[in-house]
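In what follows, every heavy atom counts, from backbone to side chain, and hydrogens, waters and symmetry copies are set aside.
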Protein chains: 2
Amino acid sequence: MSSVHSNDDAFSPRQREVLDAVLRLMVEEGDRFSVARVARAASCSKETLYKWFGDRDGLLGATVRWQASRVRVGDYDSGRLNASQLREKLEEFAVNWLSVIASPTSLALNRVAIGQAGSGNSRLGDIVLANGRLAVAARLKPLLDAGRAAGHLSFDHTEEAFRTFLGLVGRDVQIRLLLGDEPSLDKKTIAADAKRAAQQFLALFGTEKSGITETGKAAASRLSAN
Amino acid sequence: MSSVHSNDDAFSPRQREVLDAVLRLMVEEGDRFSVARVARAASCSKETLYKWFGDRDGLLGATVRWQASRVRVGDYDSGRLNASQLREKLEEFAVNWLSVIASPTSLALNRVAIGQAGSGNSRLGDIVLANGRLAVAARLKPLLDAGRAAGHLSFDHTEEAFRTFLGLVGRDVQIRLLLGDEPSLDKKTIAADAKRAAQQFLALFGTEKSGITETGKAAASRLSAN
DNA sequence: CATGTACCGTACCGTACGGTACAGCGTCAA
DNA sequence: TTGACGCTGTACCGTACGGTACGGTACATG
(Lines give C-alpha, C1' and ligand atoms only; values in the text may rest on other atoms or scores of the structure.)
Protein backbone atom coordinates (compact mmCIF):
# COMPACT_ATOMS: atom_id res chain seq x y z
CA MET A 1 0.00 0.00 0.00
CA SER A 2 1.59 3.14 1.23
CA SER A 3 4.56 3.74 0.28
CA VAL A 4 6.08 6.83 -1.14
CA HIS A 5 9.40 6.07 0.47
CA SER A 6 11.09 2.75 0.19
CA ASN A 7 11.03 2.06 3.85
CA ASP A 8 13.64 -0.12 5.39
CA ASP A 9 14.79 2.48 7.80
CA ALA A 10 16.94 0.13 9.80
CA PHE A 11 18.98 2.80 11.53
CA SER A 12 21.57 1.71 14.07
CA PRO A 13 21.31 3.10 17.60
CA ARG A 14 24.18 5.48 16.95
CA GLN A 15 22.55 6.62 13.73
CA ARG A 16 19.32 7.23 15.61
CA GLU A 17 21.24 9.36 18.09
CA VAL A 18 22.62 11.41 15.24
CA LEU A 19 19.22 11.81 13.60
CA ASP A 20 17.76 12.95 16.90
CA ALA A 21 20.49 15.54 17.07
CA VAL A 22 19.50 16.71 13.60
CA LEU A 23 15.91 17.11 14.72
CA ARG A 24 16.97 18.99 17.82
CA LEU A 25 19.11 21.26 15.70
CA MET A 26 16.32 21.90 13.24
CA VAL A 27 13.95 22.84 16.01
CA GLU A 28 16.34 24.96 18.01
CA GLU A 29 18.51 26.56 15.37
CA GLY A 30 15.89 26.72 12.68
CA ASP A 31 17.48 27.61 9.42
CA ARG A 32 21.10 27.68 10.57
CA PHE A 33 21.30 24.00 9.83
CA SER A 34 24.50 22.68 8.27
CA VAL A 35 26.33 19.39 8.09
CA ALA A 36 29.20 20.72 10.18
CA ARG A 37 26.81 21.88 12.89
CA VAL A 38 25.17 18.48 12.92
CA ALA A 39 28.54 16.82 13.30
CA ARG A 40 29.46 19.07 16.21
CA ALA A 41 26.10 18.72 17.91
CA ALA A 42 26.14 14.94 17.59
CA SER A 43 29.83 14.49 18.37
CA CYS A 44 30.19 12.79 15.07
CA SER A 45 32.58 13.28 12.21
CA LYS A 46 31.42 14.71 8.93
CA GLU A 47 33.07 11.83 7.13
CA THR A 48 30.82 9.39 8.98
CA LEU A 49 27.76 11.44 8.13
CA TYR A 50 28.65 11.32 4.46
CA LYS A 51 29.38 7.61 4.63
CA TRP A 52 26.03 6.88 6.26
CA PHE A 53 23.75 9.25 4.43
CA GLY A 54 25.50 10.03 1.16
CA ASP A 55 25.04 13.77 1.09
CA ARG A 56 23.15 16.60 2.71
CA ASP A 57 19.86 15.66 1.10
CA GLY A 58 20.30 12.07 2.17
CA LEU A 59 20.75 13.26 5.73
CA LEU A 60 17.62 15.37 5.53
CA GLY A 61 15.63 12.54 4.00
CA ALA A 62 16.81 10.09 6.63
CA THR A 63 15.85 12.54 9.34
CA VAL A 64 12.36 12.98 7.97
CA ARG A 65 11.94 9.22 7.60
CA TRP A 66 13.25 8.65 11.10
CA GLN A 67 10.75 11.08 12.55
CA ALA A 68 8.01 9.56 10.41
CA SER A 69 8.83 6.06 11.57
CA ARG A 70 8.23 6.89 15.19
CA VAL A 71 5.06 8.91 14.82
CA ARG A 72 3.21 5.82 13.75
CA VAL A 73 0.37 5.26 16.18
CA GLY A 74 -2.27 2.72 17.04
CA ASP A 75 -5.06 1.50 14.84
CA TYR A 76 -8.14 3.01 16.44
CA ASP A 77 -10.02 -0.09 15.40
CA SER A 78 -13.42 1.15 14.36
CA GLY A 79 -15.72 -1.80 14.54
CA ARG A 80 -19.26 -1.22 15.65
CA LEU A 81 -19.79 2.29 16.83
CA ASN A 82 -22.73 4.37 17.85
CA ALA A 83 -23.22 8.04 17.22
CA SER A 84 -21.59 9.34 20.37
CA GLN A 85 -18.60 7.05 19.92
CA LEU A 86 -18.20 8.40 16.41
CA ARG A 87 -18.23 11.96 17.66
CA GLU A 88 -15.75 11.08 20.35
CA LYS A 89 -13.35 9.51 17.90
CA LEU A 90 -13.64 12.45 15.53
CA GLU A 91 -12.72 14.80 18.34
CA GLU A 92 -9.86 12.54 19.30
CA PHE A 93 -8.54 12.69 15.76
CA ALA A 94 -8.89 16.43 15.65
CA VAL A 95 -6.97 16.85 18.89
CA ASN A 96 -4.26 14.54 17.61
CA TRP A 97 -3.97 16.30 14.28
CA LEU A 98 -3.85 19.79 15.77
CA SER A 99 -1.23 18.70 18.28
CA VAL A 100 0.91 17.27 15.53
CA ILE A 101 0.81 20.23 13.16
CA ALA A 102 1.48 22.64 16.01
CA SER A 103 4.46 20.73 17.38
CA PRO A 104 7.88 22.34 16.95
CA THR A 105 9.25 19.21 15.29
CA SER A 106 6.51 19.12 12.70
CA LEU A 107 6.91 22.81 12.01
CA ALA A 108 10.68 22.53 11.62
CA LEU A 109 10.41 19.56 9.27
CA ASN A 110 7.72 21.21 7.20
CA ARG A 111 9.84 24.34 6.93
CA VAL A 112 12.79 22.33 5.67
CA ALA A 113 10.67 20.36 3.24
CA ILE A 114 9.00 23.50 1.92
CA GLY A 115 12.33 25.18 1.44
CA GLN A 116 13.53 22.14 -0.45
CA ALA A 117 10.38 21.95 -2.55
CA GLY A 118 11.09 25.40 -3.88
CA SER A 119 14.31 24.49 -5.59
CA GLY A 120 14.65 21.54 -7.86
CA ASN A 121 13.16 18.16 -7.37
CA SER A 122 13.47 16.28 -4.17
CA ARG A 123 10.98 13.97 -2.62
CA LEU A 124 11.28 15.47 0.83
CA GLY A 125 7.88 17.09 0.48
CA ASP A 126 6.40 13.77 -0.54
CA ILE A 127 7.82 12.11 2.54
CA VAL A 128 6.49 14.79 4.85
CA LEU A 129 3.14 14.61 3.15
CA ALA A 130 3.09 10.84 3.42
CA ASN A 131 3.92 11.07 7.09
CA GLY A 132 1.43 13.79 7.90
CA ARG A 133 -1.57 13.98 5.72
CA LEU A 134 -1.58 10.49 4.27
CA ALA A 135 -0.89 8.85 7.62
CA VAL A 136 -3.82 10.53 9.26
CA ALA A 137 -5.93 9.76 6.21
CA ALA A 138 -5.15 6.09 6.50
CA ARG A 139 -6.45 6.11 10.04
CA LEU A 140 -9.38 8.47 9.63
CA LYS A 141 -10.91 7.19 6.42
CA PRO A 142 -11.76 3.76 7.86
CA LEU A 143 -13.51 5.55 10.69
CA LEU A 144 -15.53 7.66 8.27
CA ASP A 145 -16.42 4.59 6.24
CA ALA A 146 -17.46 2.76 9.37
CA GLY A 147 -19.60 5.71 10.36
CA ARG A 148 -21.29 5.65 6.99
CA ALA A 149 -21.78 1.88 7.13
CA ALA A 150 -23.43 2.29 10.52
CA GLY A 151 -25.78 4.87 9.05
CA HIS A 152 -24.47 7.83 11.00
CA LEU A 153 -22.74 9.60 8.14
CA SER A 154 -23.72 10.36 4.59
CA PHE A 155 -21.27 11.21 1.84
CA ASP A 156 -20.37 10.00 -1.61
CA HIS A 157 -16.59 10.21 -1.57
CA THR A 158 -14.54 9.42 1.50
CA GLU A 159 -11.66 11.54 0.26
CA GLU A 160 -13.83 14.62 -0.02
CA ALA A 161 -15.36 14.13 3.42
CA PHE A 162 -11.90 13.59 4.82
CA ARG A 163 -10.55 16.76 3.28
CA THR A 164 -13.47 18.77 4.56
CA PHE A 165 -12.80 17.44 8.02
CA LEU A 166 -9.15 18.46 7.74
CA GLY A 167 -10.24 21.93 6.67
CA LEU A 168 -12.67 22.30 9.55
CA VAL A 169 -10.05 21.18 12.03
CA GLY A 170 -6.95 22.96 10.82
CA ARG A 171 -8.41 25.98 9.08
CA ASP A 172 -5.50 28.39 8.65
CA VAL A 173 -3.56 27.28 11.70
CA GLN A 174 -0.68 25.48 10.02
CA ILE A 175 0.21 28.15 7.51
CA ARG A 176 0.06 30.82 10.20
CA LEU A 177 2.37 28.84 12.44
CA LEU A 178 4.75 28.21 9.55
CA LEU A 179 4.86 31.93 8.87
CA GLY A 180 5.81 32.66 12.44
CA ASP A 181 2.41 33.78 13.66
CA GLU A 182 1.51 32.40 17.05
CA PRO A 183 -2.17 31.72 17.40
CA SER A 184 -2.36 30.53 20.99
CA LEU A 185 -2.73 26.78 20.79
CA ASP A 186 -2.73 25.49 24.33
CA LYS A 187 -4.47 22.28 25.22
CA LYS A 188 -7.69 24.06 26.07
CA THR A 189 -7.87 25.78 22.71
CA ILE A 190 -7.08 22.58 20.87
CA ALA A 191 -9.80 20.71 22.74
CA ALA A 192 -12.32 23.44 21.98
CA ASP A 193 -11.33 23.56 18.32
CA ALA A 194 -11.65 19.79 18.06
CA LYS A 195 -15.10 19.89 19.58
CA ARG A 196 -16.22 22.61 17.22
CA ALA A 197 -14.77 20.89 14.17
CA ALA A 198 -16.44 17.58 15.00
CA GLN A 199 -19.72 19.37 15.61
CA GLN A 200 -19.55 21.16 12.28
CA PHE A 201 -18.50 18.03 10.44
CA LEU A 202 -21.45 16.12 11.83
CA ALA A 203 -23.76 18.97 10.96
CA LEU A 204 -22.59 18.70 7.38
CA PHE A 205 -22.32 14.94 6.95
CA GLY A 206 -24.38 13.43 9.77
CA THR A 207 -27.64 11.70 8.95
CA GLU A 208 -30.92 12.81 10.47
CA LYS A 209 -31.74 9.31 11.64
CA SER A 210 -28.86 9.21 14.07
CA GLY A 211 -29.99 12.47 15.63
CA ILE A 212 -26.41 13.50 15.45
CA THR A 213 -27.07 16.74 13.63
CA GLU A 214 -30.00 17.77 15.77
CA THR A 215 -28.35 20.61 17.56
CA GLY A 216 -26.12 21.25 14.61
CA LYS A 217 -26.31 24.91 13.81
CA ALA A 218 -27.08 26.09 17.30
CA ALA A 219 -24.26 24.13 18.84
CA ALA A 220 -21.83 25.06 16.12
CA SER A 221 -22.62 28.69 16.65
CA ARG A 222 -22.28 28.31 20.38
CA LEU A 223 -19.01 26.45 20.10
CA SER A 224 -17.54 28.98 17.75
CA ALA A 225 -17.64 31.42 20.63
CA ASN A 226 -14.41 30.06 22.08
CA MET B 1 -6.66 50.58 9.75
CA SER B 2 -4.50 48.03 8.16
CA SER B 3 -1.33 48.18 8.66
CA VAL B 4 1.26 45.80 9.91
CA HIS B 5 3.85 47.30 7.65
CA SER B 6 4.59 51.00 7.60
CA ASN B 7 3.43 51.52 4.11
CA ASP B 8 4.94 54.28 2.09
CA ASP B 9 6.10 52.01 -0.65
CA ALA B 10 6.83 54.81 -3.04
CA PHE B 11 8.98 52.77 -5.36
CA SER B 12 10.35 54.47 -8.44
CA PRO B 13 9.55 52.93 -11.82
CA ARG B 14 13.06 51.51 -12.07
CA GLN B 15 12.77 50.07 -8.59
CA ARG B 16 9.48 48.48 -9.54
CA GLU B 17 11.19 46.90 -12.54
CA VAL B 18 13.83 45.47 -10.27
CA LEU B 19 11.29 44.14 -7.79
CA ASP B 20 9.38 42.50 -10.61
CA ALA B 21 12.59 40.81 -11.63
CA VAL B 22 12.98 39.56 -8.08
CA LEU B 23 9.49 38.07 -8.20
CA ARG B 24 10.18 36.47 -11.53
CA LEU B 25 13.39 35.01 -10.18
CA MET B 26 11.67 33.67 -7.10
CA VAL B 27 9.04 31.95 -9.17
CA GLU B 28 11.32 30.55 -11.82
CA GLU B 29 14.50 29.79 -9.91
CA GLY B 30 12.85 28.95 -6.65
CA ASP B 31 15.44 28.71 -3.98
CA ARG B 32 18.46 29.67 -6.04
CA PHE B 33 17.78 33.28 -5.23
CA SER B 34 20.74 35.55 -4.54
CA VAL B 35 21.51 39.22 -4.74
CA ALA B 36 23.99 38.69 -7.57
CA ARG B 37 21.38 36.78 -9.57
CA VAL B 38 18.87 39.54 -9.04
CA ALA B 39 21.37 42.09 -10.24
CA ARG B 40 22.09 40.10 -13.37
CA ALA B 41 18.43 39.37 -14.09
CA ALA B 42 17.43 42.99 -13.63
CA SER B 43 20.48 44.49 -15.38
CA CYS B 44 21.20 46.35 -12.25
CA SER B 45 24.33 46.70 -10.13
CA LYS B 46 24.59 45.14 -6.74
CA GLU B 47 25.72 48.44 -5.32
CA THR B 48 22.46 50.03 -6.39
CA LEU B 49 20.49 47.22 -4.82
CA TYR B 50 22.27 47.75 -1.53
CA LYS B 51 21.82 51.50 -1.74
CA TRP B 52 18.10 51.15 -2.37
CA PHE B 53 17.18 48.30 -0.07
CA GLY B 54 19.92 48.19 2.56
CA ASP B 55 20.60 44.50 2.59
CA ARG B 56 19.25 41.16 1.43
CA ASP B 57 16.38 41.17 3.89
CA GLY B 58 15.44 44.66 2.91
CA LEU B 59 15.25 43.54 -0.69
CA LEU B 60 13.05 40.62 0.25
CA GLY B 61 10.81 42.78 2.38
CA ALA B 62 10.47 45.37 -0.35
CA THR B 63 9.56 42.64 -2.82
CA VAL B 64 6.86 41.26 -0.58
CA ARG B 65 5.47 44.72 0.06
CA TRP B 66 5.56 45.52 -3.63
CA GLN B 67 3.59 42.42 -4.47
CA ALA B 68 1.22 43.15 -1.61
CA SER B 69 0.63 46.68 -2.81
CA ARG B 70 -0.64 45.58 -6.16
CA VAL B 71 -2.86 42.74 -5.04
CA ARG B 72 -5.12 45.24 -3.35
CA VAL B 73 -8.50 44.94 -4.99
CA GLY B 74 -11.91 46.53 -5.03
CA ASP B 75 -14.26 46.92 -2.12
CA TYR B 76 -17.05 44.51 -2.93
CA ASP B 77 -19.39 46.96 -1.34
CA SER B 78 -21.86 44.83 0.51
CA GLY B 79 -24.89 46.99 1.05
CA ARG B 80 -28.28 45.37 0.87
CA LEU B 81 -28.07 41.80 -0.29
CA ASN B 82 -30.47 38.96 -0.62
CA ALA B 83 -29.69 35.31 0.00
CA SER B 84 -28.64 34.41 -3.50
CA GLN B 85 -26.42 37.48 -3.77
CA LEU B 86 -24.74 36.45 -0.55
CA ARG B 87 -24.07 32.99 -1.87
CA GLU B 88 -22.74 34.43 -5.08
CA LYS B 89 -20.34 36.73 -3.29
CA LEU B 90 -19.15 33.93 -1.05
CA GLU B 91 -18.35 31.83 -4.08
CA GLU B 92 -16.64 34.78 -5.67
CA PHE B 93 -14.45 35.17 -2.61
CA ALA B 94 -13.66 31.50 -2.55
CA VAL B 95 -12.60 31.51 -6.20
CA ASN B 96 -10.45 34.55 -5.59
CA TRP B 97 -8.81 33.08 -2.50
CA LEU B 98 -8.08 29.72 -4.12
CA SER B 99 -6.65 31.41 -7.19
CA VAL B 100 -4.37 33.51 -5.03
CA ILE B 101 -2.98 30.75 -2.83
CA ALA B 102 -2.43 28.52 -5.85
CA SER B 103 -0.60 31.16 -7.88
CA PRO B 104 3.11 30.64 -8.42
CA THR B 105 3.88 34.08 -7.06
CA SER B 106 2.05 33.47 -3.83
CA LEU B 107 3.66 30.08 -3.43
CA ALA B 108 7.15 31.47 -4.03
CA LEU B 109 6.65 34.33 -1.57
CA ASN B 110 5.22 32.04 1.05
CA ARG B 111 8.16 29.69 0.63
CA VAL B 112 10.63 32.51 1.13
CA ALA B 113 8.75 33.88 4.12
CA ILE B 114 8.47 30.45 5.72
CA GLY B 115 12.16 29.84 5.21
CA GLN B 116 12.88 33.16 6.83
CA ALA B 117 10.49 32.51 9.70
CA GLY B 118 12.52 29.47 10.65
CA SER B 119 15.66 31.38 11.45
CA GLY B 120 15.73 34.36 13.68
CA ASN B 121 13.33 37.22 13.72
CA SER B 122 12.11 38.94 10.65
CA ARG B 123 8.71 40.32 9.96
CA LEU B 124 8.52 38.83 6.49
CA GLY B 125 5.98 36.32 7.65
CA ASP B 126 3.91 39.09 9.17
CA ILE B 127 3.91 40.97 5.89
CA VAL B 128 2.87 37.92 3.91
CA LEU B 129 0.19 37.19 6.44
CA ALA B 130 -1.02 40.76 6.32
CA ASN B 131 -1.16 40.62 2.55
CA GLY B 132 -2.87 37.28 2.31
CA ARG B 133 -5.01 36.32 5.22
CA LEU B 134 -5.66 39.72 6.75
CA ALA B 135 -6.36 41.35 3.41
CA VAL B 136 -9.01 38.83 2.51
CA ALA B 137 -10.36 39.08 6.05
CA ALA B 138 -10.79 42.80 5.68
CA ARG B 139 -12.90 42.24 2.61
CA LEU B 140 -14.82 39.17 3.69
CA LYS B 141 -15.76 40.10 7.24
CA PRO B 142 -17.89 43.07 6.20
CA LEU B 143 -19.73 40.74 3.86
CA LEU B 144 -20.36 38.25 6.64
CA ASP B 145 -21.53 41.00 8.95
CA ALA B 146 -23.84 42.33 6.28
CA GLY B 147 -25.22 38.85 5.76
CA ARG B 148 -25.90 38.57 9.45
CA ALA B 149 -27.48 42.01 9.59
CA ALA B 150 -29.76 41.03 6.73
CA GLY B 151 -30.82 37.94 8.65
CA HIS B 152 -29.23 35.41 6.31
CA LEU B 153 -26.41 34.32 8.56
CA SER B 154 -26.15 33.44 12.21
CA PHE B 155 -22.93 33.44 14.19
CA ASP B 156 -21.56 35.00 17.32
CA HIS B 157 -18.03 35.90 16.30
CA THR B 158 -17.17 37.11 12.85
CA GLU B 159 -13.58 35.98 13.20
CA GLU B 160 -14.61 32.41 13.92
CA ALA B 161 -17.06 32.29 11.02
CA PHE B 162 -14.40 33.76 8.78
CA ARG B 163 -11.83 31.19 9.79
CA THR B 164 -14.28 28.36 9.25
CA PHE B 165 -14.95 29.69 5.79
CA LEU B 166 -11.23 29.79 5.05
CA GLY B 167 -10.95 26.20 6.23
CA LEU B 168 -13.83 25.02 4.09
CA VAL B 169 -12.38 26.75 1.05
CA GLY B 170 -8.70 26.01 1.35
CA ARG B 171 -8.73 22.76 3.28
CA ASP B 172 -5.24 21.30 2.84
CA VAL B 173 -4.57 22.80 -0.56
CA GLN B 174 -2.00 25.42 0.37
CA ILE B 175 0.26 23.22 2.47
CA ARG B 176 0.17 20.53 -0.20
CA LEU B 177 1.15 22.99 -2.88
CA LEU B 178 3.91 24.40 -0.71
CA LEU B 179 5.26 20.90 -0.22
CA GLY B 180 5.39 20.34 -3.95
CA ASP B 181 2.29 18.23 -4.27
CA GLU B 182 0.17 19.13 -7.24
CA PRO B 183 -3.50 18.70 -6.59
CA SER B 184 -4.96 19.65 -9.97
CA LEU B 185 -6.33 23.14 -9.52
CA ASP B 186 -7.63 24.24 -12.87
CA LYS B 187 -10.40 26.78 -13.16
CA LYS B 188 -13.06 24.10 -13.19
CA THR B 189 -11.86 22.55 -9.98
CA ILE B 190 -11.58 25.92 -8.30
CA ALA B 191 -15.10 26.83 -9.31
CA ALA B 192 -16.44 23.53 -8.03
CA ASP B 193 -14.54 23.85 -4.77
CA ALA B 194 -15.83 27.37 -4.29
CA LYS B 195 -19.41 26.23 -4.84
CA ARG B 196 -19.02 23.39 -2.38
CA ALA B 197 -17.38 25.59 0.25
CA ALA B 198 -20.09 28.25 0.01
CA GLN B 199 -22.75 25.56 0.21
CA GLN B 200 -21.21 24.03 3.30
CA PHE B 201 -20.67 27.39 4.93
CA LEU B 202 -24.30 28.32 4.42
CA ALA B 203 -25.38 24.94 5.75
CA LEU B 204 -23.44 25.70 8.93
CA PHE B 205 -24.15 29.39 9.40
CA GLY B 206 -27.22 30.11 7.28
CA THR B 207 -30.53 30.87 8.97
CA GLU B 208 -33.59 28.77 8.32
CA LYS B 209 -35.69 31.82 7.56
CA SER B 210 -33.70 32.67 4.47
CA GLY B 211 -34.20 29.18 3.11
CA ILE B 212 -30.56 29.25 2.32
CA THR B 213 -29.76 26.02 4.11
CA GLU B 214 -32.73 24.14 2.73
CA THR B 215 -30.84 21.81 0.46
CA GLY B 216 -27.88 21.94 2.77
CA LYS B 217 -26.80 18.42 3.43
CA ALA B 218 -28.07 16.94 0.22
CA ALA B 219 -26.42 19.56 -1.92
CA ALA B 220 -23.22 19.49 0.06
CA SER B 221 -23.05 15.78 -0.40
CA ARG B 222 -23.77 16.09 -4.07
CA LEU B 223 -21.21 18.83 -4.56
CA SER B 224 -18.55 16.89 -2.75
CA ALA B 225 -18.66 14.53 -5.68
CA ASN B 226 -16.34 17.01 -7.36
C1' DC C 1 32.34 73.30 -20.56
C1' DA C 2 32.73 71.93 -15.73
C1' DT C 3 30.63 69.55 -12.00
C1' DG C 4 27.75 66.51 -9.67
C1' DT C 5 24.66 62.64 -9.60
C1' DA C 6 22.81 58.30 -10.48
C1' DC C 7 23.65 54.23 -12.26
C1' DC C 8 26.00 49.84 -14.46
C1' DG C 9 29.49 46.24 -14.68
C1' DT C 10 32.99 44.03 -12.48
C1' DA C 11 36.48 43.04 -9.39
C1' DC C 12 37.25 42.10 -4.82
C1' DC C 13 37.02 40.55 0.35
C1' DG C 14 35.78 37.64 4.13
C1' DT C 15 33.02 33.95 5.41
C1' DA C 16 30.46 29.81 5.44
C1' DC C 17 29.09 25.97 3.21
C1' DG C 18 29.19 20.97 1.00
C1' DG C 19 32.25 17.57 0.43
C1' DT C 20 36.97 15.04 0.85
C1' DA C 21 41.31 13.50 2.89
C1' DC C 22 43.96 12.20 6.61
C1' DA C 23 45.86 11.30 11.16
C1' DG C 24 44.83 9.28 15.49
C1' DC C 25 42.24 6.29 18.71
C1' DG C 26 39.70 2.47 20.69
C1' DT C 27 37.96 -2.42 19.82
C1' DC C 28 38.04 -6.92 18.57
C1' DA C 29 39.47 -11.00 16.42
C1' DA C 30 43.33 -14.00 15.03
C1' DT D 1 51.06 -8.53 19.33
C1' DT D 2 49.27 -7.31 15.23
C1' DG D 3 46.34 -5.75 12.01
C1' DA D 4 41.80 -4.64 10.23
C1' DC D 5 37.93 -1.83 11.16
C1' DG D 6 34.89 1.92 12.47
C1' DC D 7 34.88 6.05 14.32
C1' DT D 8 36.27 11.10 15.78
C1' DG D 9 38.41 15.47 15.06
C1' DT D 10 40.52 18.56 12.09
C1' DA D 11 42.55 20.34 8.19
C1' DC D 12 41.67 21.28 3.61
C1' DC D 13 39.51 22.41 -1.24
C1' DG D 14 36.45 24.66 -4.38
C1' DT D 15 32.53 27.34 -4.65
C1' DA D 16 28.97 30.54 -3.75
C1' DC D 17 27.26 33.92 -1.07
C1' DG D 18 26.56 38.83 1.21
C1' DG D 19 28.49 43.03 1.07
C1' DT D 20 31.92 46.79 -0.54
C1' DA D 21 34.83 49.42 -3.66
C1' DC D 22 36.09 51.27 -7.93
C1' DG D 23 36.21 52.60 -12.81
C1' DG D 24 33.28 54.08 -16.54
C1' DT D 25 29.09 56.20 -18.60
C1' DA D 26 24.97 58.82 -19.37
C1' DC D 27 22.68 62.88 -18.11
C1' DA D 28 21.22 66.97 -15.90
C1' DT D 29 22.31 71.51 -14.08
C1' DG D 30 24.99 75.73 -13.66
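In the set D/dG19, C/dC8, D/dC17, the nucleotide with an atom closest to the side chain of B/Glu47 is C/dC8. Residue A/Lys46 has its side chain nearest to C/dG18 when only D/dT8, C/dC8, C/dG18 are considered. The side chain of A/Val35 lies closest to C/dG18 when the candidates are D/dC17, C/dG18, D/dG19. Each of C/dC8, D/dG9, C/dT20 was ranked by its minimum atom distance to the side chain of A/Ser43; first place goes to D/dG9.
If you check residues 48-56 of chain A against DNA chain C, the residues with a heavy atom closer than 4.0 Å are A/Tyr50, A/Asp55, A/Arg56, listed by number.
The phosphate of D/dT8 has OP1 or OP2 within less than 4.0 Å of a side-chain N or O from A/Arg14.
To the nearest 0.5 Å, atom CG of residue A/Leu204 and atom CD of residue B/Gln199 are 9.5 Å apart.
We find that CD of A/Glu29 is positioned 14 Å from P of C/dA16, with the value rounded to whole Å. The nearest whole Å value for the distance from the CD atom in A/Gln15 to the P atom in D/dC7 is 8 Å. The separation between A/Arg37 atom CZ and C/dC17 atom C1' is 11 Å, rounded to whole Å. Counting to the nearest Å, the C1' atom of D/dG18 and the CZ atom of B/Arg32 are 19 Å from each other. Rounded to an integer number of Å, the gap from CG of B/Leu60 to C1' of D/dG18 is 12 Å.
Closest non-hydrogen pair, A/Leu177 versus A/Leu185, comes out as CD1-CD1, 4.3 Å. Of all the heavy atoms in B/Leu168 and B/Gln200, the pair that sits closest is CD2-OE1, 3.4 Å. A/Thr105 approaches A/Val27 most closely through the heavy-atom pair CA-CG2, 3.9 Å.
In this structure, B/Leu60 and B/Met26 have side chains that are in contact, with non-hydrogen atoms separated by less than 4.5 Å.
Residues in residues 161-174 of chain B take part in these salt bridge (Lys or Arg N to Asp or Glu O under 4.0 Å) pairs, two or more places apart or across chains: A/Arg133-B/Asp172, A/Glu160-B/Arg171, A/Arg163-B/Asp172, A/Asp172-B/Arg163, B/Arg171-B/Asp193, B/Asp172-B/Arg176.
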